[in-house]
Every structure is written in C-alpha cells, then in structure tokens.
Amino acid sequence: MNLSYQKELNQLAELLNFGADCFAKQKIEPSRIRRRKQFFLAMTVAAFSNIEAIYSLCKEKRSHPCLILLRTLYENYINAKFLFCSPNLKHYYILVLDDLLDRKKQSYDAVDFLKTNPSYSSSCTEIKDLEQALKETEKRIKKTEIKINKYSGKSTLDIRGRAQYIDDYNKRNGIKSKSVKWIYVWIYRQLSSSVHLKESALQDFFERKLDGSLVVYLSGNPADIKRILEEAYNLLRGIISMFLTVFEKNHKNPLKAEFKKIYG
C-alpha cells in the first residue's frame, strides 16, 4: 500500500462507516416519504455507492476510473443542492423534466435509426414499441411542464445554470457556503475531459521520464489518488450533512450532533 495516501484512505473509510450508521439509524421507509425526499434519498444512495467504488479503486491505485465517478458525484451534488433551493416542488419537476427530455431524444433517435435500418429491429426493439414509449414520454413531458408552469420564475435545465442559482439562493438567504458555480467551472468541467476523453486528458495516461523513457498509466496517474480521496471525502461530508438536515424534522437522530462535533 502506498503510505502517502493511507491517511486519506482511512479517513474516507471512517466517514463511509459513519454514513452507513446514519442510514441504519434513520430507519426511513421510502414509500412513506414525499417525492422530493424520495428522489433525494435515491441520489444519496447513488452517491454512497460511487464513493465506495472510489475507495476500492484507490486501494488498487486506479485513479482514472475515479475521476469519471467524481464527475458523476459532482453533478449529483449540484442537483441535490438545487433540489432544495425551492420551498415547493418546482425544482423536483425540473429535474424530472430534464430526464424525460433526454429519454424523448433517445427514443426519437432510436425510431429514426430503425426506420432507415430495419435490419436492426428485433423482438426487443420493434419500432411500434419505441413509438409507443415515445408517445408516453411526450405525454409525461406535457404534464410535467404544466406542473412547472404553475410556479413563478424561469426553469433552469442546465447544470451550469443550477450552480449559479444555488449561489444566488445562498446569497439571498445569508447561507455561508463555497461557491457551487466555482465547483462547476473549476472542477466539474475539468473532470468532463476524463468522461468525454479529449486531447487535454491524454497527459493523465502518459509521462515522459528524465531518461527519455515513456511510462503508460493504464488506469491513470497514481499521483492523483491523494487528491481524489480528499475530494471524495469532502463530497461525502457534504452529502451526509444534507442527508441529516433533510430528514432531521421527521426522524430525530443524535448522530447529527456527533457529525457536527467530529466533521464540522
């Protein structure tokens, strides 16, 4: 094990265990909580799953897959923050609409492809089934848009706009917080090059030594692991804090005081 980041590994493992205790002691019944909290609960579980994967990958010195997971985590984090920057369900429906619009595009493109390439059609991908799914999605889009339009203000569908909205919301309400837009601009966008591999990301896989030899990092550069663990730790700390805040009113949990005392 590389001792240069053993401390960070231990800290992340400890925080993951603390978060698991939070889940266990809240005893939340998903069917008994409202839609926005249901959605947030799913986002929280997904975030824990990704961070556990990052922990395991870092133990194996595989940094590049972690960068991909970090990008997903930051998007999840921004959307979770955005979800609760509204006293009503407007932002919940905006996130639902975002998903529906993506599904509509996927179904439309699939139908268009099969019409010009019928040989790809099979029992699992008949055009009529896709067209029916497309109609159902379009119906849900219209219903969701009606629900959104009942609330005042514009709808923010892009991740950059949501990050800016969160900063504005925090400023209006006197909430001290790191700029989420800065997270988007400086971290999320950089991590995007790892997901949608670009020329600028190639340096993560190669290093030219002083003697002229070329080192190939098949799983990314191990030198990135300490930073990845630190970012995963900070994200998890923010996620647990949100989780305890969202569910504290209906589910009293002494772990919140312990969390503040230990993790700030």
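Neither L134 nor I141 shares a network with the other; the hydrophobic side chains, linked directly or stepwise wherever heavy atoms of I, L, V, M, F, W or Y lie under 4.5 Å apart, form separate groups for each. Tracing side-chain contacts under 4.5 Å through hydrophobic residues (I, L, V, M, F, W, Y), one never reaches I146 starting from Y151; they form parts of separate clusters. Hydrophobic clustering, with ILVMFWY side chains joined whenever heavy atoms are under 4.5 angstrom apart, keeps V215 apart from L218.
For the pair R227 and D224, the minimum side-chain heavy-atom distance is below 4.5 Å. Looking at heavy atoms from C-beta onward, I54 lies out of side-chain contact with E231 at the 4.5 angstrom threshold. Using a 4.5 Å cut-off on side-chain heavy atoms (C-beta onward), I175 and Y169 make contact. You'll find the side chain of L97 stays beyond 4.5 Å of the side chain of S155, heavy atoms only. The side-chain heavy atoms of Y5 and I228, taken from C-beta on, include no pair separated by under 4.5 Å. Between I94 and L83, the closest side-chain pair of non-hydrogen atoms is not below 4.5 Å. Two residues are said to be in side-chain contact when any heavy atoms from C-beta on lie closer than 4.5 Å; K256 and T245 meet this criterion. Side-chain atoms of L235 and L70, non-hydrogen and from C-beta on, do get closer than 4.5 Å to each other.
Ion pairing between a basic and an acidic side chain is recognised when a charged N comes within 4.0 Å of a carboxylate O; K142 and E138 show no such pairing. Taking 4.0 Å as the cut-off between side-chain N and carboxylate O, R103 and D99 count as a salt-bridged pair. Using a 4.0 Å cut-off between charged side-chain N and carboxylate O, K115 and E131 make a salt bridge. In this structure, K171 does not pair ionically with D167, as no charged nitrogen and carboxylate oxygen lie closer than 4.0 Å.
Relative orientation of the F259 and Y263 rings is tilted, given thresholds of 30° and 60° on the angle between their planes. The aromatic rings of F247 and F40 lie tilted to each other, with the angle between the two planes from 30° to 60°.
Shown here for T156 and G161, the closest heavy-atom pair between the two residues is CG2-C, 3.2 Å. T72 approaches N50 most closely through the heavy-atom pair CG2-ND2, 3.7 Å. Here the shortest heavy-atom pairing between L57 and P65 reads CD1-CB, 3.8 Å. Y233 approaches Q11 most closely through the heavy-atom pair CE1-O, 3.7 Å. When all heavy atoms of G19 and F48 are compared, the pair lying nearest together is CA-CZ, 3.6 Å. Of all heavy-atom pairs between I239 and A47, the closest is CD1-CB, 3.5 Å.
The cationic atom of R237 (NZ for Lys, CZ for Arg) does not lie both less than 6.0 Å from the six-membered ring centre of F243 and within 45° of the ring axis. Cation-pi geometry between R162 and F82 is met: the NZ or CZ atom falls under 6.0 Å from the ring centre, inside 45° of the normal.
Using a 3.5 Å distance cut-off with no hydrogens or angles, the side chains of R71 and Y188 do pair a donor with an acceptor. Using modelled atom types and a 3.5 Å distance limit, the side chains of E207 and Y217 yield a donor-acceptor pair. Side chains of E14 and N10: no donor on one and acceptor on the other come within 3.5 Å.
With hydrogens and angles ignored, the 3.5 Å screen pairs a side-chain donor or acceptor of N88 with a backbone N or O of K90. Using modelled atom types, one side-chain atom of N76 and one backbone atom of M43 make a donor-acceptor pair closer than 3.5 Å. Here the side chain of S107 pairs no donor or acceptor atom with the backbone of K104 at under 3.5 angstrom. Between the side chain of N117 and the backbone N or O of F113 there is at least one donor-acceptor pair closer than 3.5 Å. When atom types are taken as modelled, the side chain of E8 and the backbone of L229 share no donor-acceptor pair closer than 3.5 angstrom. Remark: side-chain polar atoms of Q106 are not paired, donor with acceptor, to backbone N or O of D102 under 3.5 angstrom. At distances below 3.5 Å, not a single donor-acceptor pair connects side-chain atoms of D112 with backbone N or O atoms of Y108.
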- Task: Show the numbers, then the answer: is there a salt bridge (charged side-chain N to carboxylate O under 4.0 Å, His left out) between K105 and D109?
- Result: CA-CA 6 Å; K105 185 178 186 304; D109 288 345; 3.0 Å; yes
- Task: Using the ring pair (Phe, Tyr, Trp, His ring centres under 6.0 Å) rule, take H91 and F84 through it: C-alpha gap first, then chi angles, then the decisive distance, then the call.
- Result: CA-CA 7 Å; H91 289 183; F84 291 101; 10.0 Å; no
- Could you walk me through whether L157 and L101 pass the side chain to side chain contact (heavy atoms under 4.5 Å, CB included) check? CA-CA 10 Å; L157 286 176; L101 290 172; 4.1 Å; yes
- Would you please test I240 and T44 for side chain to side chain contact (heavy atoms under 4.5 Å, CB included) and show each step? CA-CA 8 Å; I240 293 175; T44 305; over 6 Å; no
- Message: Quick one, C66 with C58, criterion side chain to side chain contact (heavy atoms under 4.5 Å, CB included). Give me CA distance, side-chain angles, the key distance, then yes/no.
- Response: CA-CA 8 Å; C66 294; C58 284; 3.8 Å; yes
- Taking it one step at a time, do Y184 and Q164 satisfy side-chain hydrogen bond (donor to acceptor under 3.5 Å, both in side chains)? CA-CA 9 Å; Y184 168 83; Q164 180 64 63; over 6 Å; no
- Message: side chain to side chain contact (heavy atoms under 4.5 Å, CB included) for V45 and F23? Distances and angles first, verdict last.
- Response: CA-CA 9 Å; V45 172; F23 275 113; 4.1 Å; yes
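Y93 pairs with exactly one of R36, R35, K143, K150 by the side chain to side chain donor-acceptor pair (under 3.5 Å) rule, that one being R35.
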